Amino acid sequence: MTDILDNALIVASELLANAVEAAPGAELRLHLRHVQNPRGILFRVWDPSPRAPLPRATAALTLTSIDAAPEDAWDHGGGWGLPIVQSLSTACGHTPTPPKGKWVWSHLTS
């Protein structure tokens, strides 16, 4: 499944980074599973935070919006991880785990 390796690394790092931000210093869990039909990988990251992940709204890029001037940083401090995961995934979402926490997941197909 080397054809999706780059995307898999990006998705895994984004999901883990979001979990660390949602629950700093807490125990996290990462599950990876090879899926046969359709052929791919299922990523799941658990954190104890009850907050649902909220992707940043996407917008068209213009020369003005990507100006990296210190007074107007174009990425506004990050927050683009979930839109990246959504664009690379066949499917993605989150599942609450009462009494606390959630699994955030992504399915990539080959």
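These numbers come from a predicted model, not from an experiment. Just so it is clear, the values below take in all heavy atoms, side chains as well, and ignore hydrogens, waters and symmetry mates.
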Closest non-hydrogen atom pair, [X] against [Y]:
| X | Y | result |
| --- | --- | --- |
| Lys102 | Arg51 | CE-O, 2.8 Å |
| Glu14 | Gly81 | OE1-CA, 3.1 Å |
| Gly40 | His107 | CA-NE2, 4.3 Å |
| Cys92 | Ser106 | CB-CA, 4.0 Å |
| Ala8 | Leu108 | N-CD2, 3.6 Å |

Notebook entry, point to check: What about Leu32 and Val85, same hydrophobic cluster or not, with Ile/Leu/Val/Met/Phe/Trp/Tyr joined at side-chain heavy-atom distances under 4.5 Å?
Noted result: yes
Check: With hydrophobic residues grouped by side-chain heavy-atom distances under 4.5 Å, do Phe43 and Ile4 end up in a single group?
Finding: yes
Rounded to the nearest 0.5 Å, what separates atom [atom1] in [X] from atom [atom2] in [Y]?
| X | Y | atom1 | atom2 | result |
| --- | --- | --- | --- | --- |
| Asp47 | Arg29 | CG | CZ | 10.5 Å |
| His94 | Trp105 | NE2 | CH2 | 10.5 Å |
| Ile41 | His34 | CD1 | NE2 | 7.5 Å |
| Ser110 | Leu5 | OG | CG | 11.0 Å |

Notebook entry, point to check: Among Leu30, Thr95, Thr97, Leu28, which residue meets the side-chain contact (heavy atoms from CB on, under 4.5 Å) test with Trp46?
Noted result: Thr97
Check: Going through the checks in order, is the side chain to side chain contact (heavy atoms under 4.5 Å, CB included) test met by Val104 and Asn18?
Finding: CA-CA 9 Å; Val104 181; Asn18 288 349; over 6 Å; no
Notebook entry, point to check: For Leu88, which residues count as a side-chain contact (heavy atoms from CB on, under 4.5 Å) partner, sequence neighbours excluded?
Noted result: Asn7, Ile10, Val11, Ile84
Next item on the list: Tell me, please, which residues at least two apart from Ser49 pass side-chain hydrogen bond (donor to acceptor under 3.5 Å, both in side chains).
Entry: none
